[in-house]
Novice: 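I'd like to ask some things about the structure below.
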Amino acid sequence: MNPSLSSSSSPTSSHSTSAGSWFSGVVRGRSDRAGSVKMRSDSASGGSGEFSGPVVRKNQFRGALFKYGPKPIQVAFKTGDYRQQVIFIGGLTDGFLATEYLEPLAIALDKEKWSLVQLLMSSSYNGYGTSSLKQDAMELDQLISYFINKEDSEGVVLIGHSTGCQDIVHYIRTNAACSRAVRAAILQAPVSDREYRATLPETAAMIDLASTMINEGRRSELMPSEADLAPITAYRYHSLCAYNGDDDMFSSDLTDDQLRLRLGHMSNTPCQVIYSMADEYVPDYVDKKALVQRLCKAMGGAEKVEIEHGNHSLSNRVQEVVAAIIDFIKRDGPKGWDDPWN
């Protein structure tokens, strides 16, 4: 979801038994997780005995910045040095420090011996218009592969914010080799880009134009500048704004069968859905309580968390969202986590 828009403006990674340490580490995880979840160094706990946490002060994190893929944009930042990672995937226009709850979340995760990872992808910031869910999934897979092969990871949890929720749903559907390392998924603000964009006056005409361009074989060409604040291709505009586009996963007018077709595969992954009951990007006509119930049902019984009066990014309910996430992680999801390789 693009927070700047308003009505006034118009590779699947192969995995083999050669990665013995990763494979054996995960298989061991169910029996001795308490003993195997440990720091790789004493940097996060303070080698001198003095605690040095992941947040130094407001908007200043302590951690490691690293490249995880060949593109210049493929950079990630990790707090803590643990073998279990929570990966945060932002929405449209997002990059590092996308939401206010990341700081207290990093601190809370550090206490539970989890690292928080923020990544940049080709779609970060204004890049979303020339990218796609498929591209995001490939780059997310590269990040998880990095943790498996370079950090001896014992599993990851994915947190999606806004359009980042679509990335998670699409990635899990790919069934990429590294997706088996995903122990759980958390969808925070899974809202319909299409339903919000439909409230803007220019959207209908732009959808028609995008459809025409796609039919003419011009899906990768850019739309007129008034279509979006960022350069955006005909394909991505159609994906975000058109009925049944690739990004159309959480719309209230989709039938139960349509939602199940889009989200049903998530039933194999422990999931939590965190829904803001005052989300400014959900049109007033949408029954939020009914919709989140339908989304959770389509995902095979995902855990539902309703944040009363919460806005889209939950900047006004920071402690509530952090508490919900940590509770979910500490008790291994709603039904307990299985060995991801089983």
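Numbering of residues begins at 1 and proceeds along the displayed sequence. Side chains are part of it too, since the values below use all heavy atoms of this structure and drop only hydrogens, waters and symmetry mates.
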Novice: Hey, mind stepping through Ile172 and Met266 against side-chain contact (heavy atoms from CB on, under 4.5 Å) and telling me if it holds?
Specialist: CA-CA 7 Å; Ile172 298 299; Met266 298 297 291; 3.7 Å; yes
Novice: Out of curiosity, does Met223 fall in the hydrophobic cluster containing Ile214 (side-chain heavy atoms, cut-off under 4.5 Å, transitive links)?
Specialist: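 Hydrophobic grouping puts Ile214 apart from Met223.
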Novice: Treating Arg236 as the side-chain partner and Tyr128 as the backbone partner, does any N or O pair qualify as donor plus acceptor under 3.5 Å?
Specialist: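 Yes; judged by distance alone, with no hydrogens or angles, the pair exists.
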Novice: Does the side chain of Ser276 reach to within under 4.5 Å of the side chain of Leu314, using non-hydrogen atoms?
Specialist: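 Touching, per the 4.5 Å side-chain cut-off.
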Novice: Please give me the minimum heavy-atom distance between Gln60 and Glu103, naming the atom from each residue.
Specialist: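 Nearest heavy atoms, Gln60 then Glu103: N-OE2, 4.4 Å.
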Novice: Just jot down the side-chain hydrogen bond (donor to acceptor under 3.5 Å, both in side chains) partners of His170, sequence neighbours excluded, or say none.
Specialist: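 In terms of side-chain hydrogen bond (donor to acceptor under 3.5 Å, both in side chains), with neighbours along the sequence ignored, His170 is linked to no residue.
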Novice: Please report the interatomic distance OG1(Thr93) to CG(Asn126), rounded to the nearest 0.5 Å.
Specialist: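 So the gap between those two atoms works out to 7.5 Å.
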Novice: Determine, step by step, whether Asp257 and Arg260 satisfy the salt bridge (Lys or Arg N to Asp or Glu O under 4.0 Å) criterion, reporting the C-alpha distance in whole Å, the side-chain angles of both residues, the deciding distance to 0.1 Å, and the verdict.
Specialist: CA-CA 5 Å; Asp257 287 340; Arg260 192 157 42 246; 2.3 Å; yes
Novice: Between Arg173 and Arg262 (side chain of the first, backbone of the second, donor and acceptor by atom type, cut-off under 3.5 Å), is there such a pair?
Specialist: yes
Novice: Look at the side chain of Asp110 and the backbone N and O of Ala106, then say whether any donor-acceptor pair between them is shorter than 3.5 Å.
Specialist: no
Novice: Walk me through it: do Leu140 and Asp136 pass the test side-chain contact (heavy atoms from CB on, under 4.5 Å)?
Specialist: CA-CA 6 Å; Leu140 177 58; Asp136 286 351; over 6 Å; no
Novice: Between Glu139 and Ser122, is there a side-chain heavy-atom distance shorter than 4.5 Å?
Specialist: yes
Novice: Between the side chains of Glu112 and Tyr82, is a donor N or O closer than 3.5 angstrom to an acceptor N or O?
Specialist: no
Novice: Indicate yes or no: at least one non-hydrogen side-chain atom of Arg294 is less than 4.5 angstrom from one of Asp256.
Specialist: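 Side-chain contact under 4.5 Å: yes.
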Novice: Tell me every residue that passes salt bridge (Lys or Arg N to Asp or Glu O under 4.0 Å) with Asp248, counting only those two or more places apart in sequence or in another chain.
Specialist: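 Arg194.
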Novice: Can you check whether Gln118 reaches Leu97 side chain to side chain, under 4.5 Å on heavy atoms?
Specialist: yes
Novice: Test: ring-ring contact (aromatic ring centres under 6.0 Å, His included). Region: residues 54-74. Which pairs qualify, not counting sequence neighbours?
Specialist: Phe66-Tyr146, Phe66-Phe147
Novice: Looking at side-chain heavy atoms only, is the closest gap between Gln74 and Lys71 below 4.5 Å?
Specialist: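 Counting from C-beta outward, Gln74 and Lys71 do come under 4.5 Å.
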Novice: Compile the donor-acceptor pairs under 3.5 Å between side chains in residues 315-322 and protein atoms, sequence neighbours left out, one pair per line.
Specialist:
residue, atom, partner, partner atom, Å
Ser315, OG, Asn311, ND2, 2.9
Asn316, OD1, Asn311, N, 3.1
Asn316, ND2, His309, O, 2.8
Arg317, NE, Glu308, O, 3.3
Arg317, NE, Glu320, OE2, 3.3

Novice: Are any side-chain N or O atoms of Tyr171 and backbone N or O atoms of Ser179, one a donor and one an acceptor, separated by less than 3.5 Å?
Specialist: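 Here the side-chain-to-backbone pair exists.
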Novice: Please report the shortest heavy-atom distance between Ile144 and Cys178, naming the atom on each side.
Specialist: CG2-O, 3.6 Å
Novice: If two hydrophobic side chains count as joined below 4.5 Å and joins carry through other members, does Leu222 share a cluster with Ile232?
Specialist: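 They do not share one cluster, since no chain of ILVMFWY contacts under 4.5 Å joins Leu222 to Ile232.
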Novice: Quick one: do Lys78 and Asp81 satisfy salt bridge (Lys or Arg N to Asp or Glu O under 4.0 Å)? Show the steps, please.
Specialist: CA-CA 8 Å; Lys78 180 185 70 169; Asp81 197 14; 3.2 Å; yes
Novice: A side-chain contact here means heavy atoms from C-beta on lying under 4.5 Å apart; do Thr79 and Val117 qualify?
Specialist: no
Novice: With respect to Tyr196, which candidate in Tyr285, Phe250, Tyr281 satisfies the ring pair (Phe, Tyr, Trp, His ring centres under 6.0 Å) definition?
Specialist: Tyr281
Novice: Do other residues, nucleotides or ligands put more than 12 heavy atoms under 6.0 Å from the NZ atom of Lys67?
Specialist: yes
Novice: Given side chains that start at C-beta, do those of Val156 and Val86 come closer than 4.5 Å, heavy atoms only?
Specialist: no
Novice: Residues in side-chain hydrogen bond (donor to acceptor under 3.5 Å, both in side chains) with Gln166, at least two apart?
Specialist: Asp193, Asp247
Novice: Just to verify, what does Tyr235 make a ring-ring contact (aromatic ring centres under 6.0 Å, His included) with, not counting sequence neighbours?
Specialist: none
Novice: So, does Asp94 use its side chain to make a donor-acceptor pair with the main chain of Gly91 at under 3.5 Å?
Specialist: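 At least one qualifying donor-acceptor pair exists.
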Novice: What residues form a side-chain hydrogen bond (donor to acceptor under 3.5 Å, both in side chains) with Arg218, not counting sequence neighbours?
Specialist: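 For Arg218 the side-chain hydrogen bond (donor to acceptor under 3.5 Å, both in side chains) partners, ignoring immediate neighbours, are Glu216, Glu221.
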Novice: With sequence neighbours left out, which residue pairs that include part of residues 119-130 fulfil the salt bridge (Lys or Arg N to Asp or Glu O under 4.0 Å) condition?
Specialist: none
Novice: We want to know whether His161 and Ser313 form a side-chain donor-acceptor pair, criterion being a heavy-atom distance below 3.5 angstrom.
Specialist: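 Note: His161 and Ser313 side chains miss the donor-acceptor criterion.
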Novice: Could you pull out the closest heavy-atom pair between Phe328 and Ala184, with the gap in Å?
Specialist: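 Heavy atoms only, the tightest pair is CE2-CB, 3.7 Å.
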Novice: Using atom types as modelled and distance alone, determine if a side-chain donor or acceptor of Asn149 lies under 3.5 Å from a backbone N or O of Ser145.
Specialist: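 Checking the backbone N and O of Ser145 against the side chain of Asn149, a donor-acceptor pair under 3.5 Å is found.
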Novice: Examine Ile107 and Phe77 and state if one hydrophobic cluster contains both, with Ile, Leu, Val, Met, Phe, Trp and Tyr joined whenever side-chain heavy atoms are less than 4.5 Å apart.
Specialist: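 Linked within one cluster.
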Novice: Is a side-chain N or O of Ser115 found less than 3.5 angstrom from the main chain of Gly80, in a donor-acceptor match?
Specialist: yes
Novice: Checking the side chain of Gln258 only, and the main-chain atoms of Thr255 only, is there a donor and an acceptor separated by less than 3.5 Å?
Specialist: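 Side chain of Gln258 to backbone of Thr255, a donor-acceptor pair under 3.5 Å: yes, one is there.
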Novice: Ignoring hydrogens and geometry, is there a side-chain-to-backbone donor-acceptor pair from Ser131 to Gly127 under 3.5 Å?
Specialist: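 Between the backbone of Gly127 and the side chain of Ser131 there is no qualifying donor-acceptor contact (under 3.5 Å).
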Novice: List the atom of Ile207, the atom of Cys241, and the distance in Å for their closest heavy-atom pair.
Specialist: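 Closest approach of Ile207 to Cys241: CD1-O, 3.3 Å.
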Novice: Would you say the side-chain atoms of Gln135 pair up with the backbone N or O of Met121, donor to acceptor, closer than 3.5 Å?
Specialist: no
Novice: By the salt bridge (Lys or Arg N to Asp or Glu O under 4.0 Å) test, which pairs, at least two apart or in different chains, include something from residues 278-288?
Specialist: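 Matches after skipping sequence neighbours: none remain.
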Novice: For the hydrophobic clusters of this structure (ILVMFWY residues joined by side-chain heavy atoms under 4.5 Å, transitively), does one cluster hold both Trp114 and Ile326?
Specialist: yes
Novice: Same cluster or not: are Ile73 and Leu65 linked, directly or through other Ile, Leu, Val, Met, Phe, Trp or Tyr residues, by side-chain heavy atoms under 4.5 angstrom apart?
Specialist: yes
Novice: If the test is side-chain contact (heavy atoms from CB on, under 4.5 Å), which one of Val273, Leu158, Val157 qualifies with Ile186?
Specialist: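 Passing option: Val157.
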Novice: Taking atom types as modelled, is there a side-chain donor on Ser252 or Glu195 under 3.5 Å from an acceptor on the other?
Specialist: yes
Novice: Identify the heavy atoms of Val305 and Ala324 that sit nearest to each other, and give their distance.
Specialist: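 What the structure gives for the nearest pair is CG1-CB, 4.1 Å.
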Novice: Is there side-chain contact between Leu187 and Leu295, with heavy atoms separated by less than 4.5 Å?
Specialist: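 When only atoms from C-beta onward are counted, Leu295 and Leu187 do not touch, as no gap falls below 4.5 Å.
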Novice: Tyr243: what forms a ring-ring contact (aromatic ring centres under 6.0 Å, His included) with it, not counting sequence neighbours?
Specialist: none
Novice: Only counting residues at least two apart or in another chain, list the ones meeting side-chain hydrogen bond (donor to acceptor under 3.5 Å, both in side chains) with His238.
Specialist: none
Novice: Excluding sequence neighbours, so at least two apart, what forms salt bridge (Lys or Arg N to Asp or Glu O under 4.0 Å) with Lys304?
Specialist: Glu306
Novice: To the nearest 0.5 Å, what is the distance between CG (Leu133) and CE (Met138)?
Specialist: 13.0 Å
